[in-house]
Amino acid sequence: MILSDAEWEVVRLSLLVGGTACMAALPVAFGLAWLLARARFPGRLVLDALVHLPLVVPPVVTGWLLLLAFAPGGPIGRWLLDWFGVTVLFRWTGAAIAAAVMALPLMVRAMRLSIEAVDRRLESAARTLGADPWRVFRTVTLPLSLPGIMAGLVLGFARSIGEFGATITFVSSVPGETETLPLAIYAALQTPGGENSVWRLAAVSVSLSLVALIASEWLGRRWGRRLHVL
Amino acid sequence: MILSDAEWEVVRLSLLVGGTACMAALPVAFGLAWLLARARFPGRLVLDALVHLPLVVPPVVTGWLLLLAFAPGGPIGRWLLDWFGVTVLFRWTGAAIAAAVMALPLMVRAMRLSIEAVDRRLESAARTLGADPWRVFRTVTLPLSLPGIMAGLVLGFARSIGEFGATITFVSSVPGETETLPLAIYAALQTPGGENSVWRLAAVSVSLSLVALIASEWLGRRWGRRLHVL
Amino acid sequence: MSFDVDVRCQVGEAAIALRFATGAGVTVLVGPSGVGKSSVLNMVAGLLTPDDGHVRVGERTLFHAATGVNLPPQRRHVGYVFQEPRLFPHKRVRANLLYGAPDAAPLTATAAMLDIGHLLERWPASLSGGEARRVAIGRALLSDPAFLLLDEPMSSLDPTRREEVLRDIERIRDESRLPILMVTHDAQEAERLATSIVRM
Amino acid sequence: MSFDVDVRCQVGEAAIALRFATGAGVTVLVGPSGVGKSSVLNMVAGLLTPDDGHVRVGERTLFHAATGVNLPPQRRHVGYVFQEPRLFPHKRVRANLLYGAPDAAPLTATAAMLDIGHLLERWPASLSGGEARRVAIGRALLSDPAFLLLDEPMSSLDPTRREEVLRDIERIRDESRLPILMVTHDAQEAERLATSIVRM
Amino acid sequence: PAVLAEPAARSAPLVLAAASMQEAMSAAADEWARRGHVRPVIAFAASSALARQAQAGGRADLFVSADEQWMDVLARGGLIVPGTRADLVRNRLVVVAPVGRGERITVRRIATILSAGPLAMADPRAVPAGRYGEAALTRLGVWQSVAPHVVRAADVRAALALVERGAAPYGIVYATDARASRKVRVVGVFPADSHPPILYPVARLRNGVSPDAEGFRRFLLSPAGRAIFARFGFAAA
Ligand SMILES: Nc1ncnc2c1ncn2[C@@H]1O[C@H](COP(=O)(O)OP(=O)(O)OP(=O)(O)O)[C@@H](O)[C@H]1O
Ligand SMILES: Nc1ncnc2c1ncn2[C@@H]1O[C@H](COP(=O)(O)OP(=O)(O)OP(=O)(O)O)[C@@H](O)[C@H]1O
Ligand SMILES: [Mg+2]
Ligand SMILES: [Mg+2]
């Protein structure tokens, strides 16, 4: 399967956007997952709902809300412009923001599931061994939640690679800047006779996430081998 | 917030489609999760990739593939027509199929995470107590995976309630039949001056999934209280 | 013949091999930590498949490498008290006790015997070490087993309860004549119960 | 004064209350299963907060309800061998042993003393019951504690190793003079080690 | 002899209609129903999605496309009933700017003005409005200089939203969309001859079974029908 230069550019951009989105969302997602799994505070349910929001409302609405927030007149957009002189509109950074927001609920849920499964008696054991809460978190809670982190990353990456509605509504499709794989596929699908191009690009999408999948399976199996007994 | 009759119809339909999709996908998702977590067979990775597919390719493409499969001339569509004399095109059943397919990867991942966390020594204990594999599954593996099942249901329901791209591509937006909340929101967005309607319908979406969320949190907490120690 | 065991198995780097044939009563298995006692019990229970050899208990052949016989654990009718309690965390004590029981009638008597009658509605996570151990013993006894495998069943029991459980095991040995294979590190216990002693 | 403990705590339906003050050496805590021994150890370690009372070890006040003093577990410098091993499943034996150690130097000696030198590169899931128990003891000792809490440390150890661990505890008692609070159900053990015995 | 079957209930025609016509089509269906007919069921989606559904063999009676190309595809595939294709309405292409901003477009300075910042328009490769826009700018000889500034929205409404929010200083949209938004004003209208006519064709589909379909099609094309579309800003074809 030979891709044209323009198509390679689309692939490069997808990886950039998807990778950035995942990496940026990772710590945020883990922090949120931890809060939701462990902390008891008023408004916990509201936070929970907020995190799930991008999953529930149609992507187009999410994109539209992002546009309201990040437009030059919007609350975040104005602040970015005043302080840093940058705008994310029509930029790949905007596409990454959209992808990260859409991937967040998936990442948080998976991570939270693993954090909740961590045996807290191991954490108390660590504390009796002199570890302060932060060290307990780093050396016990975090590594024991690794299956959830991996699952979250895979889900998040796949979602980022496939994100369409919010991206195109928020930052439109600018070739070389925000035109990721799904946007290119959508354009091809709108055009009569564009099926060939659709198949080619969809195959690329699938391959990309297949690689992520295989990597995560492999890591997961290495990890699982250590922890499991007959 | 008072909804018009037409809007109530949209809400009813969303619940019908989302609920049906979730319930139909639940056993399939759990079966797949179990296979992926436990069974070792050739083609396991292919199955894994296939399950993730709807997450990776843009929803529009998924909708299109569903259309090809379920069209009267397509492989599944012909079979449905010949044997049951039904078609899912332009029908709410089609919308439920689209929602289920889109929700599947999220459900499978969450469930798989929990299945992998089940302590297999408890399963061997059950077997020494005379339980055959099927009873072990029903009485040990399944209930111990409940957190993942709950998480999967919540994610799946939220995704179903929010599903747009695949649905409109597969079965269009037929008021009273396939016009779920996201489709109605999209229509309102297309309509000049429809912002009010968008806000109202989005708020309804969010409330619906908030209810699901609260229910799952409540069940999860009851469950967690039993299993956890200080 | 109660136990006729001849097994060889590679577990990680440890090569475990043991052969013994003992008559009715309690067979006590002793040996240093890590020598493979629990692994032998797992092989008798069917949770670990030996590389070679055979396992016969009473009249029944549970495993025979040469003829390919290998009964799955659920058809061996074993009452196995594991080294760690392994209670089902999602079931109350009562449901744990009854999990393998063909009949709920003996529950009250067994619970009274093990002094766990007051714990029936509790979740396992809230039990103390000794309480969990006693529930595990009760669960194995209630499953109406054809033979017993006990892996240090008396650890974390206080002297009074230990004495009671000892007497119960003696009664089972003498009255119901169930074959019992037991691991213990306590010389007194071994001496008092053992019909035969197998050293690893 | 080694241990000056006066705690009251409601755990589920059980009301646990205990007061004792003992001098240097080994304080052995005995009592029937479920009476609250492990809970008392948890209160001394700071994992369970008493409803009332105080905990003093050596010269230090670890908990005092009246003045609101309540040191977190990590600042109590405790070496706690739990009733169950509680090894970190994601760390090799070596990393488990060194988790709380300010200094890796004593590792070899401690591992040799507990006869776990050959297990250092293994994952905890592959250890036998007695092996895991010894690693847990080593991990507590290597954390350079100011006092020791031992919850049935000798269970699932074979007689030879039990004897060795007993001697080690005696040496710690006599040489480094660490206060030790120990739960055991074994009368012989208690008699041999105890400087004072507290009954619950 | 028992009654074997009741006469089948008169089934409503299924109409596939472009999403941008949702309001107008719904109003037309209501009016048709008010005149004593069974109200048609209308499926809304992008013209491309609807055409694919018809291609796939979905049973539908009428297709109202916002895009002539997709109607052509169906015609070539023999999926429409010959002689039933007709142009329903027409639209115009305009340049909009946020209210109170932007200057009036003059042909002489059009390149300079539109290159001032991002120019929002529907994706020229995919969406008809974008194609018409590209054709018009090409005809005016400025496409080369404007193209690098173009941001391609998923559809016309998305392009309009970008202008409404001030994300783009100018956008190219249909007159019907511009008319309905209070946050933008029209700063220029493309000459009708600068781009192919923007027509919304209607045709009956081969697969259709409803006897009412032809009546509804005729109603849409009748003066009464066209009046309804005029109410929503569409021009007569
Ligand atoms: N997965 C594994 N990988 C490597 N070695 C293993 C594995 N599982 C068990 N072993 C080793 O097999 C040996 C036998 O273990 P087993 O649990 O049968 O010992 P045991 O006699 O019951 O000891 P204990 O009295 O301490 O319970 C031990 O040396 C243990 O370390
Ligand atoms: N979460 C809980 N809910 C109710 N009761 C509890 C809970 N946790 C502990 N208990 C009870 O508190 C009592 C004290 O438990 P603890 O573990 O301290 O006993 P112990 O003296 O160490 O017993 P053992 O010798 O069996 O280990 C027990 O009766 C136990 O059942
Ligand atoms: Mg053992
Ligand atoms: Mg205890």
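Since the structure is predicted, the reported quantities are computational estimates derived from the model, not experimental observations. Chain letters run A, B, ... following the sequence lines, proteins first, then strands; residues in each count from 1. The analysis underlying the following values was restricted to heavy atoms, covering all of them including side chains, and did not include hydrogens, waters or symmetry mates.
Sparse packing is recorded around CZ of C:R75, with 12 or fewer heavy atoms of other residues, nucleotides or ligands lying under 6.0 Å away. Within 6.0 Å of CZ in C:R60 there are more than 12 heavy atoms belonging to other residues, nucleotides or ligands. A 6.0 Å sphere centred on CZ of B:R138 holds more than 12 heavy atoms belonging to other residues, nucleotides or ligands. Counting heavy-atom neighbours within 6.0 Å of C:R19 CZ, excluding the residue itself, gives a total of 12 or less.
C:R86 places a side-chain N or O within 3.5 Å of a backbone atom of B:R121 that can act as its donor or acceptor partner.
For C:Y99, the parts lying near chain B are the backbone and the side chain together; criterion is any non-hydrogen pair under 4.5 Å. Interface residue C:R139: backbone and side-chain heavy atoms are both found under 4.5 Å from chain B. Heavy-atom distances place the backbone of C:L87, and not its side chain, under 4.5 Å from chain B.
Between B:T128 and C:P73, the shortest heavy-atom distance links the atoms N-CB, 4.4 Å. The two residues B:L144 and C:H90 come nearest to each other via the heavy atoms CD2-ND1, 3.5 Å.
Atom CG of B:L129 and atom CG of C:L97 lie 10.5 Å apart (nearest 0.5 Å).
Pairs engaging residues 94-104 of chain B under the side chain to side chain donor-acceptor pair (under 3.5 Å) rule: none recorded [sequence neighbours left out].
Residues B:R127 and C:Y80 have side chains not in contact (no heavy-atom distance under 4.5 Å, counting atoms from C-beta outward).
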